[in-house]
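Atoms considered below: every heavy atom in the structure, side chains included; atoms not considered: hydrogens, waters and symmetry mates.
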Amino acid sequence: MLFPGIFLASLGVTHVFASGSLPVSKIYGVNLGSWLLLEPWMLPNEWVKMGGETCFETGGCTTCVASEFDLVKKLGQAEADKVFLQHWQTWFTEEDVRNIVDAGLNTVRIPLGYWIIESLVDRTTEFYPRGGIKELKRGLQQLKSAGINVLLDFHAMPGVSSSGQMFAGHCTTDVQFYTPPNYFRALQWAAITTFITHVDPAFSTVFAIEAVNEPLNDPTMTPGYGDYLKDFTLVIRAVELALGIICPDVNYHSLFDLAVPLASETSKRAGISSSIGASVSLSALASSCGGRVGDVLISIIPIIQNVSDELGVPNPLLSSILGSLLGGVNRQCIHTTYMDVLWQNTQGFNPADAVQGPAMFDDHLYYSFGGVADPNPQAYLKSICNLQRVTNDTTLDNLPMIFGEWSISTNFNATDGFLDQWADAQKLMYSQSSGWIFWSFKIEDNNSFQRQWDYFAALAAGHFTKDPAALHDPHVCDSFRT
């Protein structure tokens, strides 16, 4: 049984002054799009076989069964669970892991919906498949065996964070994420995910958790967003502290009002004593924090036992203790990850102000949706080759940053030769950051735009080099820079 206080130090957990560095010097990766969060546009034929509809092919997705929410509501819970399990087991397999390794990639970003923690779902009004967390564990075990690092991406939020988007899990114009009850559920999700990341060995290559994917661009439409990011950071650091993981560059005294001595230079830099564990638990931290964060920490105690049982970790305390002593579980600090300040055009909250400890910032750039450059090869290359986003993020302290979503899709008829250039130019510019993660690892076969969105298909077509760090033409941008 999980004791309510979750005292670890008193049970023998070795405290770790963890590193704050990224797991690799440069991130090269792919998103596992449409695996545990299905976007029907990526696999329309399979979606129809599952029972869905394809109104999005001629318009938006709000008028038919074109999201997970709508399909589960149509099929009923039991039938939907069977249909989605079949999809999860076949869309991402060991063969895909081998393809990722063979492509020289070192990282995946896994888009998730909050319903992967089933206790957070209101089954009377919300309709989502059950059982995804076991499939997540299966995939993480395979990725771990292959040495692939993982960013868990909170892609679909409680209440829906983006209007009219399949990636939100429910394609609707009724956006309710930016409200206190749904921020609370998102924080519960963050705390629970942090806990299982540090007690289940299958999660040991998870190095980052992303607070929210692509919030609304208009900051006037996202009230409370900055406070959510601050509390997202705080609940992660609180759970890690209760598990004996002490992170660099965290002001523990001010965050948690902890009255403890500072025992050494190492602990002074971390802001906490190495002997603190005997007096720290989630319940104690909850009392110290108070307010919303305190309520979140108290509320997750029964949930994490249920999730641990579901994952086959019936005694998470023992798992953490043995993992601490013998290795095998993740004892490094999570990189709290945020969409960068440029996402809201620098007019909103700067997520750098939420950082405590290791962090990472994410930017997304798609030219094919318009509004970035005129629809022709010259305009595309001139724009990308003069990209200032890394410089701008550096100025605003959004570092380290990555380009967590991009593709070689265009909004004009591109030749194969141009797609080679377009892949080179984007890789060249995005590699000025700490790395890039392409959208997506694959889409459905025989799709007319497969090579522009499917990394493996683009690699097979020669648009990407076998070595992700290499380029066909290192001078692709020379004649376009101004």
Side-chain angles (χ1 to χ4, degrees), residues 32-56 61-93 110-140 152-162 164-177 179 181-182 184-186 188-189 192-193 196 213 299-300 302-313:
L32 300 188
S34 261
W35 177 36
L36 296 172
L37 175 56
L38 202 152
E39 298 186 36
W41 71 269
M42 298 175 66
L43 60 168
N45 294 322
E46 180 176 341
W47 181 247
V48 170
K49 291 178 182 177
M50 292 173 69
E53 299 168 350
T54 57
C55 55
F56 53 85
C61 58
T62 60
T63 60
C64 72
V65 179
S67 67
E68 292 204 11
F69 180 104
D70 291 305
L71 185 55
V72 174
K73 188 174 182 180
K74 173 188 175 181
L75 296 179
Q77 191 70 64
E79 180 61 22
D81 290 348
K82 295 177 184 177
V83 166
F84 276 92
L85 178 60
Q86 174 69 17
H87 166 73
W88 297 331
Q89 291 178 336
T90 55
W91 186 248
F92 178 68
T93 67
I110 303 180
L112 300 173
Y114 76 94
W115 53 91
I116 202 160
I117 306 297
E118 294 173 15
S119 300
L120 302 182
V121 179
D122 179 356
R123 295 289 172 189
T124 64
T125 61
E126 297 174 330
F127 306 94
Y128 294 105
R130 299 174 302 187
I133 198 163
K134 292 180 180 178
E135 279 300 297
L136 173 61
K137 177 169 179 171
R138 184 265 299 174
L140 289 175
L152 297 179
D153 161 39
F154 285 12
H155 212 77
M157 310 303 292
V160 179
S161 59
S162 297
Q165 295 288 348
M166 287 176 267
F167 73 68
H170 182 196
C171 190
T172 177
T173 57
D174 185 19
V175 175
Q176 294 295 324
F177 170 58
T179 61
N182 287 318
F184 190 90
R185 286 197 290 172
Q188 290 178 303
W189 185 16
I192 295 161
T193 303
I196 62 176
N213 174 72
S299 73
I300 68 165
I303 300 174
I304 56 180
Q305 182 64 67
N306 293 337
V307 173
S308 297
D309 287 342
E310 188 174 6
L311 290 172
V313 189

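- For Lys74 (side chain) and Val65 (main-chain N/O), no donor-acceptor pair under 3.5 Å exists by modelled atom type.
- When all heavy atoms of Pro44 and Met42 are compared, the pair lying nearest together is CD-C, 3.7 Å.
- For Asn306 and Glu310, the side-chain atoms include no donor-acceptor pair closer than 3.5 Å.
- Side chains of Phe154 and Thr193 form a contact here, defined as non-hydrogen atoms less than 4.5 Å apart.
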For Glu39 and His155, what are the C-alpha separation, side-chain angles and deciding distance, and is it a side-chain contact (heavy atoms from CB on, under 4.5 Å)?
CA-CA 11 Å; Glu39 298 186 36; His155 212 77; 3.8 Å; yes

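- Side-chain atoms of Gln188 and Ile117, non-hydrogen and from C-beta on, never get closer than 4.5 Å to each other.
- Annotation for Cys61 and Cys55: closest pair CA-SG, 4.0 Å, computed over non-hydrogen atoms.
- One finds the CD atom of Glu68 at 5.5 Å from the CG atom of Leu38 (value rounded to the nearest 0.5 Å).
- Listed for the Thr62 side chain is no donor-acceptor partner under 3.5 Å among the backbone atoms of Cys171.
- In this structure the side chain of Glu118 never reaches within 4.5 angstrom of the side chain of Tyr128, judged on heavy atoms.
- Inter-residue side-chain proximity for Pro111 and Phe167 is flagged as unmet; no heavy-atom pair is nearer than 4.5 Å.
- Residues Val313 and Ile196 form no side-chain contact, since every pair of their non-hydrogen atoms from C-beta on lies 4.5 Å or further apart.
- Counting heavy atoms from C-beta outward, Phe84 and Leu71 have side chains that approach closer than 4.5 Å.
- Atom CD1 in Ile303 sits 5.0 Å away from atom OG in Ser119 (nearest 0.5 Å).
- With hydrogens and angles disregarded, no donor-acceptor distance shorter than 3.5 Å links the side chain of Trp115 to the backbone of Leu120.
- Note on Glu135 versus Arg138: salt bridge recorded, some NZ/NE/NH1/NH2 to OD/OE distance being below 4.0 Å.
- Contact check for Gln176 versus Val160: no side-chain heavy atoms found under the 4.5 Å cut-off.
- A distance of 14.0 Å separates NZ in Lys82 from CE in Met50, rounded to the nearest 0.5 Å.
- The heavy-atom pair separating Ser162 from Val175 by the smallest distance is C-CG2, 3.8 Å.
- Contact annotation: the side chain of Tyr114 approaches that of Glu126 to within less than 4.5 Å [non-hydrogen atoms, C-beta and beyond].
- The backbone N or O of Gly33 lies less than 3.5 Å from a partner atom in the side chain of Trp91, making a donor-acceptor pair.
- In terms of heavy-atom proximity, Ala66 sits nearest to Pro40 at O-CG, 3.5 Å.
- In this structure, CG in Leu75 is found 12.5 Å from CZ in Phe127, a value given to the nearest 0.5 Å.
- The minimum heavy-atom distance between Ser34 and His87, with the atom names listed, is O-NE2, 2.6 Å.
- Contact record, Ile133 with Ile116: N-CG1, 3.5 Å, taken as the closest heavy-atom pair.
- The distance from atom CD1 of Ile110 to atom CG of Asp153, rounded to the nearest 0.5 Å, is 9.5 Å.
- Taking CH2 of Trp189 as the start and CD1 of Ile300 as the end, the distance is 15.0 Å to the nearest 0.5 Å.
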